[in-house]
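For the numbers below, each heavy atom of this structure counts, side chains included, while hydrogens, waters and symmetry mates do not.
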Amino acid sequence: MKGYYYLIATIVIEALAVVLIKLAKGTENKLYFASGLFAFFVSFLCLSQALKSLEMGFTNAVWAGSSLILVYILSVCFFQEKITLIQGIFILCILIGIVGLNLTSKGD
């Protein structure tokens, strides 16, 4: 079960890192940029801990898909980025895939 906590932390911290890099506007704002890099580093530390007890393929798929969905939600909510119907459909496909992986995974 501990692996799932690390996986969730990986997803949330990586999404935070992406937001911070966006706020950095390239390397214009050094504090946001450095914070984003640090968040990526912490995210990878959490990922390494998750991989101790979870399957690599499952972990990578859930991490990548969940992070993508979370970043997309944050971009719409906080940066007023638009989502089209077709993009929403494909994000829903990713979500269905993540749920399917969780239902069929052996887990911890």
Mind listing the side-chain donor-acceptor pairs of residues 86-94 below 3.5 Å, one per line with the distance, residues two or more places apart or on another chain?
from: Q87; atom 1: OE1; to: Y72; atom 2: OH; distance (Å): 3.1
from: Q87; atom 1: OE1; to: T84; atom 2: N; distance (Å): 2.8
from: Q87; atom 1: OE1; to: T84; atom 2: OG1; distance (Å): 3.3
from: Q87; atom 1: NE2; to: Y72; atom 2: OH; distance (Å): 3.2

Discussion item. So V76 and K82, do their side chains get closer than 4.5 Å, heavy atoms only?
Written reply: no
Worksheet item: Can you tell me how far the CG atom of L7 sits from the OG atom of S66, to the nearest 0.5 Å?
Response: 7.0 Å
Item to complete: Please round to the nearest 0.5 Å and tell me the distance separating atom CD1 of I11 and atom CG of L47.
Response: 9.5 Å
Practice prompt. Indicate the atoms forming the closest heavy-atom contact of C46 with I13, along with that distance.
Written response: SG-CD1, 4.1 Å
Discussion item. Are W63 and I21 connected into the same hydrophobic cluster when the rule is that any two of I, L, V, M, F, W, Y join if their side-chain heavy atoms are below 4.5 Å apart?
Written reply: no
Worksheet item: To the nearest 0.5 Å, how far apart are CG in L54 and CG in N60?
Response: 12.0 Å
Worksheet item: Measuring from F78:CZ to L23:CG, what's the distance to the nearest 0.5 Å?
Response: 10.5 Å
Worksheet entry | S43 (side chain) donor-acceptor with T10 (main chain) under 3.5 angstrom | yes
Worksheet, complete the sentence: The reported gap from CG in L16 to CZ in F38 (rounded to nearest 0.5 angstrom) is 11.0 Å
Worksheet, complete the sentence: In terms of heavy-atom contacts, F33 and G26 come closest through CD1-O, 3.4 Å
Practice prompt. Consider only side-chain heavy atoms of I, L, V, M, F, W and Y, link residues closer than 4.5 Å, and tell whether L74 and I69 are in one cluster.
Written response: yes
Discussion item. In this structure, would L101 and I96 fall into the same cluster of hydrophobic residues linked by side-chain contacts under 4.5 Å?
Written reply: yes
Worksheet item: Shortest non-hydrogen contact from A39 to A17?
Response: CB-CB, 3.6 Å
Worksheet item: Under the side chain to side chain contact (heavy atoms under 4.5 Å, CB included) criterion, do V18 and F40 qualify, and how do the steps go?
Response: CA-CA 8 Å; V18 172; F40 275 122; 4.0 Å; yes
Worksheet item: Would you say F79 and I73 are hydrophobically clustered, going by side-chain heavy atoms of ILVMFWY under 4.5 Å?
Response: yes
Practice prompt. Output yes when a side-chain donor or acceptor of S67 lies under 3.5 Å from a complementary backbone atom of A64, and no otherwise.
Written response: no
Discussion item. Does anything in residues 17-35 form a side chain to side chain donor-acceptor pair (under 3.5 Å)? List the pairs, not counting sequence neighbours.
Written reply: none
Practice prompt. Not counting sequence neighbours, which residues clear side chain to side chain contact (heavy atoms under 4.5 Å, CB included) with N102? List them please.
Written response: Y4, F58, V62, I98
Discussion item. Do L51 and F41 land in one hydrophobic cluster if side-chain heavy atoms of ILVMFWY residues count as linked below 4.5 Å?
Written reply: no
